[in-house]
Amino acid sequence: MTSGTFSGRSNFTSALDTLVEQAPIMTVEKVDPNHPALKGSLSPPVNCPSSKALNFSPGPTNLPSAVESTILQRCFPDPSTKRLGSMALSHRSPEFGAILRNAIAQTRRVMEVPDEYEILFTQGGGHGQFAAVPMNLCPDKDAKATYIVSGTWSSRAVIEAEKYCTPTAISSINEDGSTFTTFPSAERIVAEHDPDSKFIYMCSNETVNGIELHRLPVFDDVDNTTVPPLVVDASSDFTSKPISWRKSNVGILFACASKNIGHPGITMVIVRKDLLGQANPMTPGFLNYETNILAENVWNTIPTFNVDVIGIMMEWILEQGGIEAMEENSIAKADLMYGLIEDSNGFYGTPLDKASEYRSRMNVPFCVAGGDEELTNLFLVECWNRGIVGLRTVTPFKQGIYLRASLYHGVSYEETVVLANFMMEFAALHSTSKVFEETTIVAKNVSGTIKPASPDSSCVDFAIFSSSPTGVDMSLTLPKNFKPNTYTKISGDMFAPPSLAPESTTLDDFPPRNIM
């Protein structure tokens with residue numbers, strides 16, 4: 001877990017000094033704004049030095065290589081075996097029944113889920129659960145709930161909840177009215193929650209904001225029977241740390257799969273049995289927890305392949321040493337990144353102070369040179385040229401100065417080292433240029449150059465995405481009564497393929513770096 005060439009924060013400053021001494025004189029050129037790396041491309045050049053794309057996306061993302069290999073073997077059997085893979089199995093077949101029972105049993109083992117909880121596999125992602133939670137726990141619109149608003153996803157959740165219940169929000173938004181860098185304290189939650197609430201809702205890791213509760217709150221020293229049950233959106237940190245199910249009075253925990261436990265298209269919901277039977281009568285069947293529990297998870301057609309993948313992922317976690325090993329690895333990767341940022345002499349920054357107890361282990365936000373646009377764009381292009389992708393992806397949110405390195409289970413410690421090494425070298429090339437001369441740094445004793453891979457050598461032929469017949473209007477057609485709400489943004493260019501940057505815009509004089 002600790003192999004690699006980057007040795008940690010203690011040696012960063014000396015390593016940076018050495019690299020600065022070796023760095024060549026370099027001019028920072030403007031990067032073509034249509035370069036694939038700036039359009040969120042996840043397909044680096046085929047001739048990049050990495051043996052594979054190193055995907056730091058916030059999700060969906062990769063699963064561990066060993067898991068992906070097992071999926072290929074188990075879920076797609078050779079036809080000569082006369083066996084069907086899970087993608088082709090009927091959801092009510094005995095073969096799939098065995099797969100379903102295995103996924104549930106392995107999840108119970110990994111996360112030590114007590115017997116009084118049921119495990120469901122649902123569809124609709126986290127957004128589906130934003131509606132499903134209040135619909136299952138609140139019989140009508142007048143029912144009360146308390147929402148801990150600590151970032152983007154909990155903000156979305158409370159907006160959706162207003163359709164189905166009457167929520168009270170306890171927010172940790174900063175004085176600027178837009179950023180979040182902390183969670184409300186347990187004491188504040190106890191003092192401000194509505195005592196008539198059916199539940200208290202929180203998101204344990206806010207991916208967009210980069211803040212995480214490393215342990216769920218406990219509201220008194222004995223138990224939580226004096227406060228409503230806790231509902232936890234653990235979509236991005238589930239299986240990265242233990243859950244105190246009883247001590248934290250967890251009523252419901254849900255996690256969409258596409259971060260740490262599987263592929264997009266399925267959401268795990270773990271619900272305490274005593275909370276069943278309270279659903280609003282208008283709750284759709286596929287969102288009704290009781291309906292699906294009584295139908296043993298197959299009330300409708302369940303995503304059979306996705307369930308199989310979750311079972312395989314849970315088996316892998318157990319093989320690695322269980323939840324303790326997962327947490328240890330997550331801490332090591334996050335410490336590596338935050339340590340590098342702290343020791344970069346301000347070249348890299350993060351919105352959370354070193355003293356913060358809420359720095360996310362899953363999603364590390366960082367800016368380059370205080371958010372300098374040209375250097376940030378150059379950083380992304382050079383990452384892409386080296387096979388490092390996903391640090392800035394297309395989202396419906398406003399693009400700020402921060403990039404994000406997401407460190408889910410599919411990102412190994414060694415792959416984090418590769419990113420850290422590149423960041424260290426990039427800082428060595430560019431940090432002093434901002435202090436002394438706007439576009440150059442002085443160095444000596446460096447020979448040789450490397451020609452960055454051309455965007456035209458991308459692993460994906462983007463032309464296949466723009467094959468519309470001449471004269472056909474490919475603009476998005478919306479219903480006449482369509483009205484964007486507070487968090488939707490639909491535009492034709494959001495779904496357009498990345499344009500290819502002309503080769504002339506690449507940095508032909510970028511110095512050689514052997515980091516892979």
Original post:
Can a donor-acceptor pair be found between the side chains of S57 and T61 at a distance below 3.5 Å?
Top reply: no
Original post:
Do other residues, nucleotides or ligands put more than 12 heavy atoms under 6.0 Å from the CZ atom of R108?
Top reply: yes
Original post:
Going by distance alone, is a donor N or O of one side chain under 3.5 Å from an acceptor N or O of the other, for S204 and D237?
Top reply: yes
**OP:** Report, as yes or no, whether the 6.0 Å neighbourhood of atom CD on E296 holds more than 12 heavy atoms from other residues, nucleotides or ligands.
**Re:** no
Original post:
Is the number of heavy atoms from other residues, nucleotides or ligands under 6.0 Å of E373 CD greater than 12?
Top reply: no
Original post:
Do NZ/NE/NH1/NH2 and the carboxylate oxygens of E415 and K52 come within less than 4.0 Å?
Top reply: yes
Original post:
Between I341 and P365, which heavy-atom pair has the shortest distance, and what is it?
Top reply: CD1-O, 4.4 Å
**OP:** Fit a plane to each ring of F366 and F379, take the angle between them on a 0 to 90° scale, and name the class: parallel (under 30°), tilted (30 to 60°) or perpendicular (over 60°).
**Re:** perpendicular
Subject >> Donor-acceptor contact present, side-chain H35 to main-chain L378, <3.5 Å >> reply: no
Subject >> Minimum heavy-atom distance between G40 and V394, given as atom pair plus value >> reply: CA-CG2, 4.4 Å
Original post:
From E118 CD over to I104 CD1, what is the distance, rounded to the nearest 0.5 angstrom?
Top reply: 8.0 Å
**OP:** Could you tell me whether F305 and H263 have their ring centroids closer than 6.0 angstrom?
**Re:** yes
Original post:
Rounded to the nearest 0.5 Å, what separation is found between the OG atom of S240 and the CD atom of E212?
Top reply: 5.5 Å
**OP:** Answer yes or no: is there a donor N or O on one side and an acceptor on the other, between the side chain of R83 and the main chain of P77, under 3.5 Å?
**Re:** no
**OP:** Spell out, as yes or no, whether a donor-acceptor pair under 3.5 Å connects the side chain of K333 to the backbone of V411.
**Re:** yes
Subject >> Donor-acceptor under 3.5 Å (S356 side chain, L352 main chain) >> reply: no
Original post:
Would W299 and F286 count as a close aromatic pair, with their ring centres under 6.0 Å?
Top reply: no
Original post:
Where the side chain of T291 meets the backbone of G285, is there a donor-acceptor pair that is under 3.5 Å apart?
Top reply: no
Subject >> Check: I243 and L253 side chains under 4.5 Å, non-hydrogen atoms >> reply: yes
Subject >> side-chain hydrogen bond (donor to acceptor under 3.5 Å, both in side chains) partners of E206, counting only residues at least two apart >> reply: S150, S154
**OP:** Give a yes or no on whether the backbone of A37 and the side-chain of S41 come within a donor-acceptor separation of less than 3.5 Å.
**Re:** no
Original post:
Taking atom CG of D343 and atom CE of M424, what is their separation to the nearest 0.5 Å?
Top reply: 11.5 Å
Original post:
Counting N and O atoms only, with roles assigned by atom type, does the side chain of N136 sit under 3.5 Å from a partner on the main chain of L287, one being a donor and the other an acceptor?
Top reply: yes
Subject >> Side chain to side chain, K259 and M362, heavy atoms closer than 4.5 Å >> reply: no
**OP:** Quick one: closest heavy-atom pair of A405 and L419, and the distance?
**Re:** CB-CD2, 3.9 Å
**OP:** Please tell me if the side chains of C383 and V389 come closer than 4.5 Å, counting only heavy atoms from C-beta onward.
**Re:** no
Subject >> Heavy-atom donor-acceptor pair, Q73 side chain to T70 backbone, under 3.5 Å >> reply: no
Subject >> Minimum heavy-atom distance S93-S90, with the two atoms named >> reply: OG-O, 2.8 Å
**OP:** For the residue pair I148 and I200, establish whether any side-chain heavy-atom pair is separated by less than 4.5 Å.
**Re:** yes
Original post:
Do NZ/NE/NH1/NH2 and the carboxylate oxygens of R386 and E382 come within less than 4.0 Å?
Top reply: yes
Original post:
Regarding N329 and R361, is there a side-chain donor-to-acceptor distance under 3.5 Å anywhere?
Top reply: no
**OP:** Determine, for E116 against R246, whether the closest basic-nitrogen to carboxylate-oxygen distance falls under 4.0 angstrom.
**Re:** yes
**OP:** For atom CG of D78, decide whether the heavy atoms of other residues, nucleotides or ligands shown that lie under 6.0 angstrom number more than 12.
**Re:** yes
**OP:** Taking atom types as modelled, find out whether Q106 and N102 have a side-chain donor-acceptor pair closer than 3.5 angstrom.
**Re:** yes
Original post:
If you round to the nearest 0.5 Å, how far is OG1 of T376 from CG of L391?
Top reply: 11.0 Å
Subject >> Check: F121 main-chain N/O paired with N297 side-chain donor or acceptor under 3.5 Å >> reply: yes
**OP:** Calculate, to the nearest 0.5 Å, the distance between atoms OG and CG belonging to S69 and L63 respectively.
**Re:** 11.0 Å
**OP:** Of all the heavy-atom pairs spanning G210 and Y338, show the shortest one and how long it is.
**Re:** O-OH, 4.4 Å
**OP:** Give the ring-plane orientation class for W316 versus H409, where under 30° counts as parallel, over 60° as perpendicular and anything between as tilted.
**Re:** tilted
**OP:** Mind running side-chain contact (heavy atoms from CB on, under 4.5 Å) on N205 and D233 for me, showing each step along the way?
**Re:** CA-CA 8 Å; N205 181 64; D233 175 358; over 6 Å; no
Original post:
Are any of the side-chain heavy atoms of M423 and F347 separated by less than 4.5 Å?
Top reply: no
Subject >> Main-chain N/O of G125 paired with T267 side-chain donor or acceptor, under 3.5 Å >> reply: yes
Original post:
Do V133 and Y164 pass the side-chain contact (heavy atoms from CB on, under 4.5 Å) test, and can you show the C-alpha distance, the side-chain angles, and the key distance before you say yes or no?
Top reply: CA-CA 9 Å; V133 165; Y164 312 108; over 6 Å; no
Original post:
Considering only heavy atoms from C-beta outward, does the side chain of F180 approach that of T152 to under 4.5 Å?
Top reply: no
**OP:** Tell me whether the centres of the aromatic rings in F199 and Y147 are closer together than 6.0 Å.
**Re:** yes
Original post:
When you look at N300 and Q123, which way does the side-chain contact (heavy atoms from CB on, under 4.5 Å) test go after all the steps?
Top reply: CA-CA 10 Å; N300 63 327; Q123 295 152 45; 3.7 Å; yes
Original post:
Are any of the side-chain heavy atoms of R215 and K241 separated by less than 4.5 Å?
Top reply: yes
Subject >> Validation row: I252, P229 side chains within 4.5 angstrom (heavy atoms) >> reply: no
**OP:** Check whether the side chains of N363 and T207 place a donor and an acceptor atom closer than 3.5 Å, and report yes or no.
**Re:** no
**OP:** Would you check, one step at a time, whether the test side-chain contact (heavy atoms from CB on, under 4.5 Å) holds for V271 with F254?
**Re:** CA-CA 8 Å; V271 56; F254 68 86; over 6 Å; no
Subject >> Least distance between heavy atoms, M313 atom then N260 atom >> reply: CE-O, 3.2 Å
Original post:
Which value, rounded to the nearest 0.5 Å, describes the distance between I99 atom CD1 and C75 atom SG?
Top reply: 7.0 Å
